[in-house]
Amino acid sequence: AKRLEDFLSAYLNYAGANGVWISGFFGSGKSHLLKILAHLLENHSIEGTPILELFLPKVPEDNALLKKDLKRAVEIPSQSILFNIDQKADIISKTQIDALLTVFVKVFDETCGYYGKQGHIAQFERDLDSRKLFVPFKQAFQALAGVTWERGREQVLLESKNIAQAYAEVTGDTVSAVGILDKYRAEYKVSIEDFADKVNAFLEQHPPTFRLNFFVDEVGQYIADNTKLMTNLQTIAESLATRCKGRAWILVTAQEDMHTVMGEMTQKQ
């Protein structure tokens, strides 16, 4: 309850910090807490009952402040992206400098309705969407290929001709259409700054008070003693804070507290 009070105070009165580190020994319930918070802040319904109504009876009767802050928090419109980082990392090597960022980009692309498994395809879809051409492209592709775009994008090598023709149809650009995804693959790159910009663009499509919250389970285990990954996590959080002004939060779990992790990394350096 005390830690929830601390978190809600920061969440309701943003002062520059948008990162939450939930630590506890194995089996202590940190993953459960993370998932409860993810569902609670969205406050969607389960069998017709808002989650807040299911949660409030668990709060001690004499803690009126916590109840009040919980009610205020769920009144803020938000969307939760909840994932286990190891499960979403696929075969990405942790030795890659952008390994952690790649996972964040992947889950964000999926949330937006794009193809998270291949970043360059997601960028292709996002660019079409920005010109209101994504839906027409999918329709044109299905008419040509006989399968949905969601299935066809998993077999782009076999569908390259249909992709090019569908792209040419909706854009009128027959020159760029040939090998369009190869061009996207060649030019695609990820950066923390670009990621923060995309998240901010997503937020700007919603009301001013809307928030996007990333709930990341087992970050401590994923980072282990990799200083670069820990630094990247900090930079991602800082960039989101700078660009999104408190509208994008990152909440993670780890077995060790953050100060211990940072201390061990400093000693190894």
Side-chain angles (χ1 to χ4, degrees), residues 1-24 28-85 87-88 103-114 116 195-196 198-219 233 236-237 239-254:
K2 174 58 180 172
R3 293 294 180 260
L4 279 177
E5 289 175 8
D6 293 342
F7 163 66
L8 291 171
S9 176
Y11 190 75
L12 294 169
N13 305 285
Y14 176 70
N18 65 329
V20 179
W21 185 279
I22 301 173
S23 61
S28 60
K30 54 188 181 297
S31 296
H32 180 71
L33 174 60
L34 184 80
K35 293 170 185 175
I36 291 295
L37 284 174
H39 294 303
L40 184 61
L41 291 181
E42 271 194 342
N43 198 30
H44 55 78
S45 297
I46 295 180
E47 297 181 351
T49 303
I51 288 180
L52 178 63
E53 293 184 18
L54 299 173
F55 190 83
L56 283 179
K58 302 176 184 298
V59 180
E61 288 294 331
D62 60 351
N63 200 334
L65 178 61
L66 180 55
K67 288 188 176 183
K68 179 182 177 181
D69 284 350
L70 281 169
K71 291 176 181 178
R72 288 177 59 201
V74 302
E75 286 175 356
I76 299 173
S78 70
Q79 183 171 351
S80 299
I81 302 180
L82 171 65
F83 61 99
N84 181 298
I85 195 162
Q87 292 175 355
K88 284 293 183 180
V103 182
F104 272 85
V105 171
K106 175 183 179 180
V107 296
F108 176 65
D109 283 342
E110 291 174 348
T111 297
C112 294
Y114 306 133
F195 171 66
K198 288 176 182 176
V199 172
N200 188 58
F202 174 85
L203 289 168
E204 289 181 344
Q205 297 173 10
H206 294 79
T209 57
F210 181 87
R211 296 186 184 182
L212 183 66
N213 301 317
F214 295 86
F215 295 83
V216 196
D217 201 13
E218 299 296 353
V219 156
L233 177 62
I236 291 170
S239 296
L240 288 176
T242 300
R243 194 72 182 89
C244 305
K245 310 299 183 184
R247 297 180 64 193
W249 284 65
I250 296 178
L251 298 89
V252 307
T253 66

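Given the structure is predicted, the values throughout are model-derived calculations rather than measurements. For this chain, numbers begin at 1 and follow the sequence in order.
For the salt bridge (Lys or Arg N to Asp or Glu O under 4.0 Å) condition, the pairs that include at least one residue of residues 242-254, sequence neighbours left out, are Asp197-Arg243. Applying the ring pair (Phe, Tyr, Trp, His ring centres under 6.0 Å) test to residues at least two apart or on different chains, none of the pairs has a partner in residues 57-79. The stretch residues 56-75 participates, sequence neighbours left out, in no ring pair (Phe, Tyr, Trp, His ring centres under 6.0 Å) pair at all.
By the side chain to side chain donor-acceptor pair (under 3.5 Å) test, Glu53 pairs with no residue at all, sequence neighbours left out. For Asn18, there are no side chain to side chain donor-acceptor pair (under 3.5 Å) partners, not counting sequence neighbours. Under the side chain to side chain donor-acceptor pair (under 3.5 Å) criterion, Lys30 pairs with no residue at all, not counting sequence neighbours. Considering only residues two or more places apart in sequence or on other chains, Lys58 meets the salt bridge (Lys or Arg N to Asp or Glu O under 4.0 Å) condition with none of them.
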In residues 61-70, what donor-acceptor pairs under 3.5 Å come from side-chain atoms, sequence neighbours left out?
unit_1 : atom_1 : unit_2 : atom_2 : d
Asn63  : OD1    : Leu66  : N      : 3.0
Asn63  : ND2    : Glu5   : OE2    : 2.9

Distance-only criterion, 3.5 Å: show the donor-acceptor pairs between side-chain atoms of residues 32-48 and protein atoms not counting sequence neighbours.
unit_1 : atom_1 : unit_2 : atom_2 : d
His39  : ND1    : His44  : NE2    : 3.1
Glu42  : OE2    : Ser80  : N      : 2.8
Asn43  : OD1    : Ile51  : N      : 3.3
Asn43  : OD1    : Leu52  : N      : 2.8

Side-chain donor-acceptor pairs under 3.5 Å in residues 201-211, sequence neighbours left out?
unit_1 : atom_1 : unit_2 : atom_2 : d
Glu204 : OE2    : Asn200 : ND2    : 3.3
His206 : ND1    : Phe202 : O      : 2.9
Arg211 : NH1    : Tyr11  : O      : 2.7
Arg211 : NH2    : Tyr11  : O      : 3.1

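Of all non-hydrogen atoms in Ala196 and Ser239, the two that sit nearest each other are CB-O, 3.8 Å. Residues Ala241 and Gly16 come closest through the heavy atom pair CB-O, 3.9 Å. Cys244 and Val199 get closest at one heavy-atom pair: SG-CG1, 3.9 Å.
Here the CG atom belonging to Asn213 is positioned 9.5 Å from the CD atom belonging to Gln79, to the nearest 0.5 angstrom. Note that NZ of Lys71 is 6.0 Å distant from CG of Leu56, once rounded to the nearest 0.5 Å. The CD1 atom of Ile250 sits 10.0 Å away from the CG atom of Leu212 when rounded to the nearest 0.5 Å. Here the CG atom belonging to Asp109 is positioned 8.5 Å from the OH atom belonging to Tyr114, to the nearest 0.5 angstrom.
Judged purely by atom type and a 3.5 angstrom limit, Lys106 uses its side chain to pair as donor or acceptor with the backbone of Lys88.
Between Val216 and Phe83, some side-chain heavy-atom pair lies under the 4.5 Å cut-off. You'll find the side chain of Trp21 reaches within 4.5 Å of the side chain of Leu233, heavy atoms only. The shortest distance between side-chain heavy atoms of Phe214 and Val252 does not fall below 4.5 Å.
Ion pairing of Arg3 with Asp6 is present here, as a side-chain N (NZ or NE/NH1/NH2) and a carboxylate O approach within less than 4.0 Å.
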